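The chains referred to below are lettered A, B, ... by the order of the sequence lines, with proteins before strands, and numbering in each begins at 1. Bear in mind the structure is a predicted one, so any value in this text is a computation, not a measurement.
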Amino acid sequence: MSTVETDIRQAVEDAAAHLYVWALKDIPQDLRDALADASERETSVPGQRVLQTILKNVQIAERENNLVCQDTGIAVYYCRVGEHFPLHPARIYQALYDGTMRATLDHPLRSNTVHTLTRENTGPNVGYRVPIVHWDFVPDWDGLDVKCVPKGSGSENMSFLKMCVPADGVKGIKQFVLESIVGAGGKPCPPGIVGVGIGGSADYAMHLAKEAIARPVGTRNEDPLVAQLEEELTGLLNETGIGPMGLGGDVTVLHCHVEHADTHMTLNPVAVNYQCWAARRATAHVGADGTTEFDREA
Amino acid sequence: MADHRLTFPASEEDIRKLRAGDLVTVDGHIIGIRDRSHIRIFDEGIEPPLDLSGAFLLHTAPNVRKRDDGGYDPMCIGTTTSARMVRFTEGLGRDYGVRAIAGKGGLPDEAIEPMREHGMVYFAIVGGAAALETTQIEAIEEVYWEELMPECLWKFRVKDFGPLWVGIDSHGNSMFHDVNEQATKNLEDILARL
């Protein structure tokens, strides 16, 4: 039993180490397609040149086996843990921590993590409560899905929360999203993905907004009402004219993704979490026997 | 909208020729700087250990590999959000003769007047395009304040560095001001239709 556990722990650590670097180097096909589509749609001269430069950069990263963007971010992992997966989440966390550290030292990657008060660097992209791991638990299953979303600061700094009131309605939600993105301008490296979380509570709305940016680009929420809001917001955001890198143009966002939760009758929270054009994510499926499949499109 | 090629360090005369919206490609030497190195200079009052007159400052904290001889090789060098560092603009021009500040996402309007007065420009780069940017960096020639890693002061030698847009020129014009003004108008129209 202890041998199996050691092997599984190693498999999860290896998965984390691979995912972190892989996500930084090789962006998903759905994102590449969305960027190419944006490049075709854009009519402003600076906007076109920005998008051509972005596409060229993605190719150079591939050719040179280099990172797409220098910001190695803060390592965020989303775990779906099967009820029968043979490694306890407490050990999964340690494996993700060690994998993040190993990838940072071996590559080497820039170390971003600092103590939030002293601002002293805490080491190879790990620290107190870093990496950040979110958990879902799945009954009647023995597998583990790990999605790594290295989140850069340029986009994360463009996060906004408003506790709208019920009388603000859906209009209040739309208004806040639009004002947030116009206010953000070129800072979060547009055109990216606007993640919106609505409902739940203050903290949960922001969690949902972050979950929204980690979805494959352009996927739609299963709830048709929410999907309709995604379509509408994507269109309206692209009417603002902020454009690629805030230099003006037609394409301000690639897509707007919305996640929702039911909420209190007197709450109407709306959270915005921006994801830059280099919307990096990579997933591993780890089986109960430690076999790992990597999945760039999940 | 003109295209320019400039070598840094540059003179005030070179900088005054540039107009907002122009495209620029840069050769020569550029200095990497970031939040902590600015804070050290302006808030802690520690003089920078190199001459910044005529300099091109790039908002960056690179991924590097340390060599056995103590030097650094560039691995992945890109550009960070400039707006966080806007309050240092005036001091950089007035006290140190900096001629260009480059980063991504633009500088707020409070940078316009110091840039006009001191003959400076803001260059907008494509944020996130670090793999490309790295190919334009020939060498890391010096690293100062290594204890701030990765937010040290870096001296890079560059060739064909760009594309860069003159986001703010030294004549009171800002692409970011204009885009924001238009976007604010567009937003009013959109909100009226909701």
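Side-chain atoms of A/E179 and B/L191, non-hydrogen and from C-beta on, do get closer than 4.5 Å to each other. Side-chain contact between B/T81 and A/N157 is absent, with no heavy-atom pair separated by less than 4.5 Å. Looking at A/L67 and B/N63, their side chains come closer than 4.5 Å, going by heavy atoms from C-beta outward. Taking 4.5 Å as the limit, some side-chain heavy atom of A/R49 sits within range of a side-chain heavy atom of B/W165. You'll find the side chain of B/I190 reaches within 4.5 Å of the side chain of A/L178, heavy atoms only. Inter-residue side-chain proximity for A/D71 and B/T80 is flagged as unmet; no heavy-atom pair is nearer than 4.5 Å. For the pair B/M149 and A/N121, the minimum side-chain heavy-atom distance is 4.5 Å or more.
Within a 6.0 Å radius of CD in A/Q228, no more than 12 heavy atoms belonging to other residues, nucleotides or ligands are found. Counted within 6.0 Å of CG on B/D68, heavy atoms from surrounding residues, nucleotides or ligands total 12 or fewer; the atom is thus considered open. In the displayed structure, B/E13 atom CD is contacted under 6.0 Å by at most 12 heavy atoms of other residues, nucleotides or ligands.
Interface summary for chain B: among A/I54, A/V45, A/V68, the most heavy-atom pairs under 4.5 angstrom belong to A/V68. Interface remark: of the candidates B/V64, B/L23, B/V179, B/V179 forms the most heavy-atom pairs closer than 4.5 Å to chain A. Among A/G183, A/G248, A/A61, A/P108, the residue with the largest count of heavy-atom pairs under 4.5 Å with chain B is A/P108. Between chain B and the residues A/N66, A/I242, A/V170, the most heavy-atom pairs under 4.5 angstrom are made by A/N66. Contacts with chain B were tallied for A/G246, A/P188, A/G185; A/G246 has the most, counting heavy-atom pairs under 4.5 Å.
The distance from atom CG of A/L236 to atom CZ of B/R193, rounded to the nearest 0.5 Å, is 6.5 Å. Note that OG1 of B/T134 is 8.0 Å distant from CG of A/N57, once rounded to the nearest 0.5 Å. Taking OG1 of A/T240 as the start and CG of B/D189 as the end, the distance is 12.0 Å to the nearest 0.5 Å. How far CD1 of A/I181 is from CG of B/L187: 11.0 Å, rounded to the nearest 0.5 Å.
Using a distance-only test at 3.5 Å, with no hydrogens or angles considered, a donor-acceptor pair links the side chain of B/R65 to the main chain of A/H107. A donor-acceptor pair is defined here as one N or O able to donate and one able to accept, closer than 3.5 Å; such a pair exists between the side chain of A/R110 and the backbone of B/A61. Although no hydrogens or angles enter the test, the distance criterion places no donor-acceptor pair under 3.5 Å between the side chain of A/K187 and the main chain of B/A83.
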Quick one: do B/L132 and A/T53 satisfy side-chain contact (heavy atoms from CB on, under 4.5 Å)? Show the steps, please.
CA-CA 8 Å; B/L132 170 67; A/T53 304; 3.5 Å; yes
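Between A/R119 and B/E151, none of the side-chain N atoms (NZ, or NE/NH1/NH2) sits under 4.0 Å from a carboxylate O, so this pair counts as no salt bridge.
A/T72 touches chain B through its side chain: at least one heavy atom from C-beta onward sits under 4.5 Å away, while N, CA, C and O do not. Within the 4.5 angstrom heavy-atom criterion, atoms from both the backbone and the side chain of A/K171 approach chain B. Within the 4.5 angstrom heavy-atom criterion, no atom of A/A278 approaches chain B. Contacts of A/C276 with chain B are absent, with no heavy-atom separation under 4.5 Å from either backbone or side chain. Contacts of B/S82 with chain A are absent, with no heavy-atom separation under 4.5 Å from either backbone or side chain.
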